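To keep things clear, I will list the structure first and then write my remarks on it.
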2 protein chains.
Amino acid sequence: MAPNITKKIKEIALRVTPQRHAILKFLEGNVTHPSAENIHHKLLKKMPNISFTTVYNTLSKLVEAGKIQEVYIDPNKKRFDPRIDPHHHFYCKVCGKVFDVGYDAPFSVIINPLNTKKLDGHQVDEIQIYIKGLCKDCRSKR
Amino acid sequence: MAPNITKKIKEIALRVTPQRHAILKFLEGNVTHPSAENIHHKLLKKMPNISFTTVYNTLSKLVEAGKIQEVYIDPNKKRFDPRIDPHHHFYCKVCGKVFDVGYDAPFSVIINPLNTKKLDGHQVDEIQIYIKGLCKDCRSKR
DNA sequence: TTTTATTTTGTAATAATTACAAATATGGCA
DNA sequence: TGCCATATTTGTAATTATTACAAAATAAAA
């Protein structure tokens with residue numbers, strides 16, 4: 001098993017299991033923002049007994065530990081993203097694909113989470129920017 | 001029945017019904033971002049036979065017509081907002097309340113939806129900014 | 001190798017959303 | 001005003017995603 005993935009698991013969970021390893025390996029570098037069901041379905045091919053509950057629970061733990069993030073841009077289900085550096089998301093209303101969008105444009109965002117004054121005293125923990133529309137592929141089909 | 005609400009219904013739907021009127025009236029000026037279930041539950045007090053399906057279907061039509069908006073900031077359910085002018089949303093992770101946030105701060109956003117170049121060719125229809133954290137009320141209880 | 005606590009599995013419960021057909025009500029028209 | 005065609009509402013049930021739970025299996029330490 002890849003040592004870097006094993007290391008990641010040890011950082012957050014006590015035990016290293018083949019299931020957890022497979023889930024993290026599948027997510028690594030994955031830019032499709034899969035749902036829990038997507039992930040489970042794909043892993044079943046190589047690991048025919050892995051249960052949905054295990055996938056679901058592992059994803060929850062990874063999110064809780066800050067190793068991956070949940071993306072709520074899809075109205076129907078949670079999507080998961082291994083990238084945790086600052087970036088935005090684009091959701092295609094036609095095909096449902098989710099794309100990463102760079103932190104810069106087509107808008108500039110200057111965030112200062114420490115300043116709660118203009119947020120009526122609320123404490124800001126995270127800011128997510130969701131962009132919706134028609135993706136490049138679906139556009140070219142029109 | 002209030003003529004302005006009746007007018008709004010006529011603009012989008014052929015028939016004006018007491019149910020649709022009650023739903024729109026309940027939403028008007030409502031800043032709590034209620035869920036479909038919230039709305040149904042409240043309306044039952046004055047209209048004991050209104051069904052959840054009617055509430056749900058009417059909300060869908062209002063969203064489709066652009067008279068209200070769906071807010072996906074709550075991980076558990078859709079929330080509805082009668083405000084359709086540009087503004088952001090804050091979600092309290094503790095109490096689940098959703099607050100409107102002004103379009104300006106604590107970050108500045110310069111949006112140019114027409115520029116698709118930096119979005120890899122995707123066509124932008126809407127941009128939503130979701131802020132999560134601890135709301136003022138919950139903060140003061142700590 | 002044995003032991004203990006964690007993890008996985010499989011199933012089932014919960015909750016939100018959506019589909020559908022029968023009953024009802026709206027709005028146009030005579 | 002009263003009738004009729006069509007849209008809407010209702011109530012129930014199906015679908016889908018998420019979560020809970022306990023028994024069986026496994027990882028890691030002794």
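Keep in mind that what you see is a predicted model, and the values were worked out from it rather than measured. Below, chains carry the letters A, B, ... as their sequence lines are ordered, and counting in each starts from 1.
- In this structure, Leu44(A) atom CG and dT9(C) atom C1' are separated by 12 Å, rounded to whole Å.
- Results of the salt bridge (charged side-chain N to carboxylate O under 4.0 Å, His left out) test with Asp74(B) over Arg79(B), Lys93(B), Lys132(B) single out Arg79(B) as the only residue that passes.
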Response to the item:
Expected string for nucleotides 23-30 of chain D under the B/S/- scheme (protein heavy atoms, under 4.0 Å, primed atoms plus P, OP1, OP2 as sugar-phosphate) is ----BS--
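- Relative ring orientation between His40(A) and Phe52(A) is described as perpendicular, the plane-to-plane angle rising above 60° on a 0-90° scale split at 30° and 60°.
- In this structure, Asn57(A) reaches neither bases nor backbone, as no heavy-atom distance under 4.0 Å exists between it and the strands shown.
- Contact between the side-chain N/O atoms of Gln19(B) and the OP1/OP2 oxygens of dA25(C) is not found at any separation under 4.0 Å.
- For Phe99(A) and His122(B), the gap between ring centers is short of 6.0 Å.
- Each of Lys61(A), Lys67(A), Arg20(A) was scored for a salt bridge (charged side-chain N to carboxylate O under 4.0 Å, His left out) with Glu11(A), with one residue passing: Lys67(A).
- With rounding to whole Å, Ile12(A) atom CD1 is found 14 Å from dT7(C) atom C1'.
- OP1 or OP2 of dT10(D) sits under 4.0 Å from a side-chain N or O of Thr54(B).
- With hydrogens and angles ignored, a donor-acceptor pair closer than 3.5 Å exists between the side chain of Thr53(A) and the base of dA20(D).
- The interatomic distance linking Leu59(A) (CG) with dT18(D) (P) rounds to 10 Å, in whole Å.
- Checked against the 6.0 Å centroid criterion, the rings of Tyr130(B) and His88(B) do not qualify as a close aromatic pair.
- Between Lys78(B) atom NZ and dA17(D) atom C1' there is a gap of 14 Å when expressed in whole angstrom units.
- For the contact set between residues 61-72 of chain A and DNA chain C, defined by any heavy atom under 4.0 Å, the members are Lys61(A).
- Where Asn76(A) and Val55(B) meet DNA chain D, the nucleotide closest to each residue was compared, and Val55(B) sits on the side nearer the 5' end.
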